[in-house]
Amino acid sequence: MTETTQANNNRGRSIDIVNASLKRRYARERRFRYLGLSAVILGLLFVGTLFVDIISKGYSAFVQTHIVLDVYFDPEVIDPDGTADPAVIARADFRQIARQPLRELFPEVSGRRDKRALYKILSSGAPYQLLDMVQADPSLIGTRQTVELIADDDIDMLAKGHIDRTAPPADRRVNDKVIGWVDKLESQGLIRKNFNTAFFTNGDSREPELAGIGGAVAGSFYTLLVTLSLSFPIGVAAAIYLEEFAPKNRWTDIIEVNINNLAAVPSIVFGLLGLAMFINLFGLPRSAPLVGGLVLTLMTLPTIIIASRAALKSVPPSIREAALGVGASRMQTVFHHVLPLAMPGMLTGTIIGMAQALGETAPLLMIGMVAFIVDVPGGPLDPSTVLPVQVFLWADSPERAFVERTSAAIMVLLAFLVAMNAIAVIMRRRFERRW
Amino acid sequence: MDGLPSEEEQEMTTETATVDVDVTVPDPQTASHSKELDSNFQTVGEVRVANARMTCTDVNVYYGDKHAIKHCNLDIGENQVIAMIGPSGCGKSTFLRCLNRMNDTIDICRVTGEIKLDQQDIYDKRLDVVPLRAQVGMVFQKPNPFPKSIYDNIAYGPRIHGLASSRAELDEIVERSLSKAGLWNEVKDRLDQPGNGLSGGQQQRLCIARTIAVEPEVILMDEPCSALDPIATAKVEELIDELRQNYTIAIVTHSMQQAARVSQRTAYFHLGSLVEVGETTQVFTNPQHKLTEDYITGRFG
């Protein structure tokens, strides 16, 4: 004791030394704080830029330009013999019906070329719009109706101001004549921008004004349904076995290491595996959400297993001892006490795994979910695509109108991802227990 | 399940935290205490009793390579409280956990020797641990109620064992157990509230009630009062004294006053060896072995 006191005396009072070093210590702390703060700000800046860019590009896709026309459903064209047979109506030339009001509005247009340019103001989907109306209500035949017909994507772009009118005519998609017609329609109040419901209900299309994310959303839904219904039970069961029942030996160590490795395998490898196994070996249909779901199950399993094991580990051993102490079997201990406490953590892990699966593109390219599919899939065996792949497909398309649709699809995808992550956070907050 | 290191660590920290009365600076004379006893050391005092409920013969426990309990012989008498005392890490908790095979949950733990409950070897391979643990209940160091309602905490054991055939019967078991644990009057109006909302002492009594709801014959208590204040401790001690009429109790404690108050027999452990066993009054007033004497007189912790 006396020796240490002497040593203290030799180097002065401790408090002086402490005071002398204080300034440096606080400076170091401040530096570290600023460093952390700047990292956070940089991160926010990137996210902000991403959102601003996507939203500014994509928000206009949620409205679609329509042209209001007075359409005469000419019985001579639709059903000359008055059969009222749906097959006859379906074969009728609705293009003529759609073009007629344009001819009436612009009688001065003559010449094949100009006429064709005039007709192209309307989308190639407009005649089908009329067909659908007549099929839904055959009594329309022979009447005049005011109909909002979908405009062509170039007109849509022009109306939304995405086409530079001052550019030389060779550099823009619409010539001065067409601009004149559109301006005339506009001045008569015949151009309307309505909420674009078709964007949410339609499948893919070569025509941007007809293309929608309906097919991709349905495909994503079926794919995630398959993924969830397989990966959650399998992942949780594997985690429970490994954490609660398996003996700790070299084999379980190897399994654990390999599960962790599996989580780091590039996702495209799972796509190749799915192609070789599910499609080539088992003969499952190509491009189907079932196969996509199986592949994504392989991909999300490690995530779910790791999260579930962490959740099980975080349940205090005292709860297990309490249950075992009153004579519960291991199975009862796990299912009555440990699992309910670990469930929020497991669900959080599962939702994050699902969000990861929702945003996954590469493995689905390998199993043919990148195909151009117009129909909205009706089940997990129908060919379909998924949201991120749809984004990929549209981003590849040259039409100007696909740019805003790509951004809009990204917005929808991000909305789903944010919603899923928010649910995970809320669940963790609400069901988290403290001991 | 947690492996050994964390378990041991946890035990060490909590034990050192609770030992405050009997810690003194070791003087050079007691340095020999840290030495292990001879392997053919014989326990001082009478290890056998006439009306033994559990009989342990040559029990050895190993955690991996570590020999945690060495050649331990001990009887646990019927309707008696036996206290196990000793410094931290001496193996008394380990020994207690052998008595209802709670050590099974630790992978690297190995038990040899013979522990008999009513002439039946509990380490027999054919023996099922579920009925054993229903027969030999356990109360832990830290109150560990299930994160469920007070009612469900008590009803859980009877439910899984099918002890009640009707809801009314179950209600009766819950009331009886809580009354025995002296908790009924405090919680009877809030049985549907979570068990972890109670105070520490109430939680521990809830855990005791949960244990006796299964009507075990032997109750093991691993430092049941280490996390409680003196008032709650007094209540639990009173309870132990009452329970002795119907149950056989083995209690591990760090408080020698507690051992003296609640137990009829006392066993002193030192570094994995059972040093001395005897009537509590005799062990505390007239210890035979030097180590026991040093510990009891507070010469070392």
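Residue numbers begin at 1 in each chain, while the letters A, B, ... track the order of the sequences. Side chains included, hydrogens not; waters and symmetry mates left out as well; all remaining heavy atoms used.
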Beyond-backbone contact of B:Arg97 with A:Glu321, side-chain heavy atoms, under 4.5 angstrom:
yes
Does a sphere of radius 6.0 Å around CZ in A:Phe221 hold more than 12 heavy atoms from other residues, nucleotides or ligands, not counting ones at 6.0 Å or beyond?
no
A:Ala322 to B:Phe146 - nearest heavy-atom pair and separation:
CB-CE2, 3.7 Å
Interatomic spacing from CD1 in B:Ile106 to NZ in A:Lys248 - rounded to 0.5 Å
13.0 Å
Among B:Met138, B:Arg133, B:Gln135, which residue has the highest count of heavy-atom pairs closer than 4.5 Å to chain A?
B:Arg133
Atom OH of A:Tyr34: over 12 foreign heavy atoms under 6.0 Å:
no
Kindly say whether B:Ile160 contributes a backbone atom to a donor-acceptor pair with the side chain of A:His336 at under 3.5 angstrom?
no
Would you say A:Pro247 and B:Asp107 make side-chain contact, with heavy atoms under 4.5 Å?
no
Against chain A, residues from residues 202-209 of chain B with at least one heavy atom under 4.5 Å, in numeric order, are none
So does A:Phe232 have more than 12 non-hydrogen atoms from other groups sitting under 6.0 Å from CZ?
yes
For the backbone of A:Ile319 and the side chain of B:Asn144, can you confirm whether one donor and one acceptor N or O come within less than 3.5 Å of each other?
no
Residue B:Val130 versus chain A: region with a heavy atom under 4.5 Å:
both
Would you please indicate if the ring centroids of B:Tyr156 and A:His337 are separated by under 6.0 Å?
yes
Taking all heavy atoms of A:Val326 and all of B:Arg210, pick out the closest pair and write down the distance.
CG1-CG, 3.8 Å
Which atoms form the tightest heavy-atom contact between B:Met102 and A:Leu324, and what is the distance?
CE-CB, 3.6 Å
